[in-house]
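For reference, the structure is listed below as structure tokens.
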Amino acid sequence: MAYKTINPYTNEVEHEYPQATAAEVEKALTAAHRLYLRWRGGGELAERKQVITRLGELLRNRKHELGTLITHDMGKLIGEAEGEVELCASFCDYYVQRADQFLAPTPLYTESGNAYVLHQATGVLMAVEPWNFPFYQIARVFIPNFLAGNPMILKDASNCPTSAQAFADLVKEAGAPDGSLTNLFIDYDQVGTIIADKRVQGVCLTGSERGGQAVATEAAKSLKKSTMELGGNDAFIVLPDADIDKLTAVIPAARLYNAGQVCTSSKRFVVPDNLYDEFLDRAKRIFSSVKMGDPMDSHTTLAPLNSKKAKEKLQKQVDLAVEHGAKVVYGDQPVDDLEGQFFMPTILTEIDRDNPVFDQEMFGPVMAVYKYHDVAEAIALANDSSYGLGSTVFGTDIKQARQVAAQIETGMTWINSGWASLPELPFGGVKHSGYGRELAEQGFKSFVNDHLVYEPEA
Ligand code: NAP
């Protein structure tokens, strides 16, 4: 399996890495399991907190250097890459502050004796992560599990190997013992072998529905607990009383951040008939004013897609949508003046229920716009999806916005804001967007053994 950094702006192969051998896999498992045995009783939390504090410092001090690696791996704007590194540092702060509280035993009330629940490590975890946030995705699972005492083996996306290795090296430099986080360049069969290994107790994956199904199947075969953070087709419901200026300010990040390659990007805009024409005008203005170019240049506002494969896949989806009756309101033109994997921002309307892309995630700068007449119709449209990751409700009457939010079948809803991710907010979805949560206390405890201890009265 080829692990390569192919810069999507220049198309040049910048780095290539050899596949890990079976002996390297065994070495990683041995080191990780040894650490688990050392930590499982709850010891060395203070030392682990020191490592994470140091990791936060390193991330902040080197945000430009690390951001540059991310940009070269998968093309995102350097400002966004630096923001990602800073967000990871904020995870360090949050979990160091909360670890004692999250791991403190929970006393249970019983009249029959003494009972409490210990929150303990469970063992080695296998993490499979994607390319769209090369640092954030690793940080989201590594930091809490390291503090909880679960060592981790990482298989990152084959197109961002330099960032993955840099993150693992940084963890080591911060003082983490050998085996805490081992990044391995492995193929899918090796992932299966690791999951089946007796020393491994859990599997977390962020990625596509297809990748999630494959890895969750491996986990199920050997009865390993798993969390799955998968794709989304998030609806952005504009309510009839929405302030169009405030809405306009939110659209660029909601749809175009990371060149539209965010699981929680707003992908379907559901707009009332009283605002529909104005909304399309504003969206066209936003989409036509982007500046494509070198993602390392701070004046660039739209980055290339992460790979040639991603660009081809998105173009196929847009073609399919149009073949089945979708109307191109803006975009869908080749970007000939740049060599990189650029995709012209595109606005589509009239995607009917029977259009094959209606229920597909379009991972790039493509906005689908739907018109509705009454709010019940908008809620039904938002819920008419096999995905259930995030959603947005935008309106002036906050009470109505909250009522609408409560009726949407997703794991997360943002009111009067685009998507957001903070360490204290649990992240995850329902339906085909996966199961389990990352971040916050829920994420911290995803792979913690809630171990009951009970002493009945004699
Ligand atoms: P992907 O193809 O599923 O890849 C994700 C990771 O899974 C990569 O490391 C990939 O390795 C690995 N993988 C895929 N199939 C595998 C298999 N059969 N066995 C073992 N490993 C396997 O996903 P992607 O298309 O690159 O990533 C984008 C997707 O992630 C989008 O759908 C997006 O919405 C979703 N996402 C979800 C969240 C969330 O929190 N819910 C966050 C970010 C992204 P290779 O690179 O070697 O194929």
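Read the numbers this way: they start at 1 and go in the same order the structure lists the ligands and their atoms. All residue numbers in this chain count up from 1 along the given sequence.
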Quick test: of every protein heavy atom, which one is nearest to [atom], and how far off is it to 0.1 Å?
atom	value
atom 11 (O) of ligand 1	Lys155 NZ, 3.0 Å
atom 2 (O) of ligand 1	Arg210 NH2, 2.8 Å
atom 46 (O) of ligand 1	Ser158 N, 2.9 Å
atom 44 (C) of ligand 1	Asn132 ND2, 3.4 Å
atom 7 (O) of ligand 1	Val128 CG1, 3.2 Å
atom 48 (O) of ligand 1	Tyr188 OH, 2.5 Å
atom 28 (C) of ligand 1	Phe363 CE2, 3.7 Å
atom 1 (P) of ligand 1	Ser208 OG, 3.4 Å

Exercise for the section: Would you list the pairs meeting salt bridge (Lys or Arg N to Asp or Glu O under 4.0 Å) in which at least one residue belongs to residues 197-206, sequence neighbours left out? Expected result: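 Non-adjacent pairs meeting salt bridge (Lys or Arg N to Asp or Glu O under 4.0 Å): Glu26-Arg199, Asp197-Arg199.
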
Handout entry: Heavy-atom protein neighbour under 4.0 angstrom from atom 4 (O) of ligand 1
Key = no

Do any nitrogen or oxygen atoms of [X] lie less than 3.5 angstrom from nitrogen or oxygen atoms of ligand 1?
X	value
Glu229	yes
Trp131	yes
Lys267	no
Asn159	no
Leu230	yes
Leu389	no
Glu209	no

Are the charged groups of [X] and [Y] less than 4.0 angstrom apart, N to O?
X	Y	result
Asp234	Arg255	no
Glu312	Lys316	no
Arg60	Glu57	no
Glu84	Lys76	yes

Handout entry: From Gln137, Glu361, Arg437 - option closest to atom 34 (O) of ligand 1 by heavy atom
Key =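 Nearest option to atom 34 (O) of ligand 1, by heavy atoms: Glu361.
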
Exercise for the section: From the options Gln261, Glu218, Arg140, select the one whose nearest heavy atom is closest to atom 40 (O) of ligand 1. Expected result: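 When every heavy atom of Gln261, Glu218, Arg140 is considered, Arg140 comes closest to atom 40 (O) of ligand 1.
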
Practice task
Please report the C-alpha distance between Trp131 and Phe363 in whole Å, then the side-chain angles of each, then the deciding distance to 0.1 Å, and finally whether the ring pair (Phe, Tyr, Trp, His ring centres under 6.0 Å) criterion is met.
Solution key: CA-CA 12 Å; Trp131 47 265; Phe363 218 50; 5.7 Å; yes

